[in-house]
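Please read the structure below before turning to the comments.
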Amino acid sequence: MSPPGTFTTTVHPFESPTPHACAYETGLTNAENALVFIGGLGDGPHTVPYPRAIAKRLEMEPEISYSVFEFRLTSSFSGFGFARLADDVADISALVKYLRSIGKRRVVLLGHSTGCQDCMEYTSPSYDVAPVDGFILQAPVSDRGAMALEMGESRLDEGLKISKELIASGRGHERMLPEHMTPSFRNTPISVSRWYALGASDGEDNYFDPSLPDNIVESYWKRIDKPILILHSGNDEFVASSIDKIALIQRWKAFCRPGIASEFSGAILGAGHRVEEPEAEERLVNSVVNFLHSIH
């Protein structure tokens with residue numbers, strides 16, 4: 001008998017900008033469609049538990065015929081420090097092309113944390129990517145806001161001023177000095193450029209900052225042309241308690257094209273950032289499955 005916590009996965013090697021890339025499929029065998037999970041900073045395949053809960057539920061609903069895929073990106077685990085969202089987009093597109101080549105009819109991207117930024121970046125007209133059929137954003141958190149919570153906005157901006165000067169002098173590829181970073185990031189090598197991208201108001205990762213002006217926010221959400229489900233975690237420890245998550249989601253939905261933002265969008269009651277609470281995980285799974293039914 002297998003020990004508790006073990007699970008079975010099918011390994012799919014595929015061509016990707018990341019050498020020796022593999023995707024890991026769980027759930028329904030011979031599914032027609034694919035739900036691709038993209039984790040956040042420090043994540044890699046199987047570091048977040050809830051994709052397996054979604055896969056188990058999808059096995060019970062074979063009529064929509066989805067299995068769950070996780071995979072290693074260049075930025076997985078500690079690789080994010082010297083990678084960009086553009087690198088993630090290239091890795092994701094390579095997997096989507098592979099999934100189409102093995103006959104998957106629909107491909108939906110499920111981003112968690114910085115995986116949400118990846119989904120938004122995937123919609124940019126700057127890239128020629130393999131098309132997908134929908135997006136799910138779970139914990140679309142502003143890194144700038146999370147950093148400010150940890151170290152204070154003034155200290156954050158002091159470090160970002162230094163990083164901006166280093167970038168201007170051609171030193172953006174160098175490692176950001178740990179004393180100018182939040183304590184939680186100090187053990188991970190992070191380039192000056194990536195630190196600025198994560199923390200600055202005009203950083204390329206800054207999609208979800210509530211203080212962004214309407215014209216910038218609208219430009220991001222208007223370009224989405226496939227169904228999207230937006231799910232904040234109700235008790236996300238990386239979001240300031242003063243932020244009205246429901247109002248923020250309503251703001252984003254209002255900028256979407258008609259019929260794009262899902263009616264199942266909202267805040268997951270009782271959920272932390274990674275949705276490890278059993279009841280909250282069940283609410284998340286229900287929302288995801290309902291969304292997949294709606295685009296079936």
Side-chain angles (χ1 to χ4, degrees), residues 32-38 40 54 64 66 85-86 88-90 92-93 95-97 99-100 104-145 201-234 236 239 243-268 283-284 286-296:
E32 295 179 356
N33 308 307
L35 179 64
V36 177
F37 177 79
I38 307 158
I54 294 172
I64 55 173
Y66 276 89
L85 294 183
D88 293 350
V89 167
I92 297 164
S93 185
L95 176 56
V96 174
K97 288 175 183 175
L99 294 172
R100 300 296 189 191
K104 299 301 180 185
R105 290 197 307 119
R106 289 188 179 86
V107 179
V108 174
L109 303 183
L110 164 54
H112 158 70
S113 196
T114 299
C116 298
Q117 278 90 331
D118 285 333
C119 288
M120 298 298 287
E121 186 78 3
Y122 203 82
T123 68
S124 170
S126 303
Y127 306 104
D128 180 19
V129 295
V132 297
D133 301 284
F135 301 95
I136 301 171
L137 310 182
Q138 185 273 312
V141 170
S142 164
D143 291 299
R144 175 175 172 78
S201 294
D202 60 346
E204 60 184 33
D205 289 44
N206 194 23
Y207 279 105
F208 305 121
D209 186 344
S211 66
L212 287 174
D214 282 353
N215 64 313
I216 298 295
V217 177
E218 182 177 16
S219 70
Y220 296 149
W221 293 91
K222 269 285 191 296
R223 72 193 189 199
I224 300 169
D225 61 357
K226 299 294 182 183
I228 186 166
L229 173 66
I230 311 165
L231 295 171
H232 249 302
S233 290
D236 198 312
V239 178
I243 301 297
D244 185 335
K245 301 180 188 72
I246 296 296
L248 190 58
I249 291 171
Q250 291 301 325
R251 181 190 184 205
W252 295 336
K253 287 176 67 175
F255 287 126
C256 289
R257 304 180 194 185
I260 290 294
S262 172
E263 64 178 310
F264 301 113
S265 298
I268 307 166
R283 294 186 186 102
L284 167 63
N286 288 338
S287 296
V288 169
V289 172
N290 287 336
F291 174 70
L292 294 177
H293 271 287
S294 74
I295 63 173
H296 185 61

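Residue R144 is tested with L212, D209, D205 for a side-chain contact (heavy atoms from CB on, under 4.5 Å); the sole match is D209.
Taking the six-membered ring where the residue is Trp, W252 and F208 present tilted rings, their angle falling between 30° and 60°. Using the six-membered ring where Trp is involved, F37 and H112 have ring planes that are parallel, under 30° apart on the 30 and 60° scheme.
In terms of heavy-atom proximity, C256 sits nearest to K222 at O-NZ, 4.4 Å. Residues L99 and A34 share a closest heavy-atom pair of CD1-CB, 3.9 Å. The two residues D133 and V108 have their closest heavy-atom pair at C-CG2, 4.5 Å. For the residue pair R100 and R105, the shortest heavy atom distance occurs at NH1-O, 2.6 Å. The heavy-atom pair separating S93 from Y122 by the smallest distance is CA-OH, 3.4 Å. The two atoms that bring S113 and G40 nearest to each other are CB-CA, 4.0 Å, heavy atoms only.
Side-chain atoms of E218 never come within 3.5 Å of backbone atoms of P213 as a donor-acceptor pair (strictly under, hydrogens ignored). Side-chain N or O atoms of N206 include none that pairs as donor or acceptor with a backbone N or O of D202 at under 3.5 Å. A distance-only check finds no donor-acceptor pair linking the side chain of S233 to the backbone of A139 [under 3.5 Å]. Side-chain N or O atoms of S142 include one that pairs as donor or acceptor with a backbone N or O of G145 at under 3.5 Å. A side-chain donor-acceptor contact under 3.5 Å links S265 to the backbone of I230.
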Steps toward side-chain contact (heavy atoms from CB on, under 4.5 Å) verdict (R257, W221): CA-CA 8 Å; R257 304 180 194 185; W221 293 91; over 6 Å; no

Verdict with supporting geometry, L248 and D244, side-chain contact (heavy atoms from CB on, under 4.5 Å): CA-CA 6 Å; L248 190 58; D244 185 335; over 6 Å; no

Verdict with reasoning, D88 to Q117, per side-chain contact (heavy atoms from CB on, under 4.5 Å): CA-CA 10 Å; D88 293 350; Q117 278 90 331; over 6 Å; no

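Taking 4.0 Å as the cut-off between side-chain N and carboxylate O, K97 and D128 do not count as a salt-bridged pair. Classification of D214 and R251 as a salt-bridged pair holds, one side-chain N sitting under 4.0 Å from a carboxylate O.
Put simply, CG on L284 and CD1 on I268 are 4.5 Å apart, with the number rounded to the nearest 0.5 Å. Here the CD-CZ distance, from Q250 to F255, works out to 12.5 Å after rounding to the nearest 0.5 Å. Separating the OG1 atom in T114 from the CG atom in D143 is a distance of 4.5 Å, to the nearest 0.5 Å. Between I228 atom CD1 and S262 atom OG the span is 10.0 Å, to the nearest 0.5 Å. Taken to the nearest 0.5 Å, the CG atom of L35 stands 8.5 Å off from the CG atom of L109. Summarising the geometry, atom CZ belonging to F135 is positioned 12.5 Å from atom CG belonging to L229; distances are rounded to the nearest 0.5 Å.
Counting heavy atoms from C-beta outward, V132 and R106 have side chains that stay 4.5 Å or more apart. Two residues are said to be in side-chain contact when any heavy atoms from C-beta on lie closer than 4.5 Å; F264 and V289 fail this criterion. Side chains of P125 and R223 form a contact here, defined as non-hydrogen atoms less than 4.5 Å apart. At a threshold of 4.5 Å between non-hydrogen side-chain atoms, the residues V129 and V89 count as touching. Looking at V288 and I136, their side chains come closer than 4.5 Å, going by heavy atoms from C-beta outward. Under the 4.5 Å side-chain criterion, counting only non-hydrogen atoms from C-beta, N33 is not in contact with V107. By the 4.5 Å heavy-atom criterion applied to side chains, K226 and I260 are not counted as neighbours. When side chains are defined from C-beta on, L85 counts as touching D118, because their heavy atoms get closer than 4.5 Å.
For the residue pair Y127 / E121, a side-chain donor-acceptor distance below 3.5 Å is found, with atom types taken as modelled.
Aromatic ring centroids of Y220 and Y207 lie under 6.0 Å apart.
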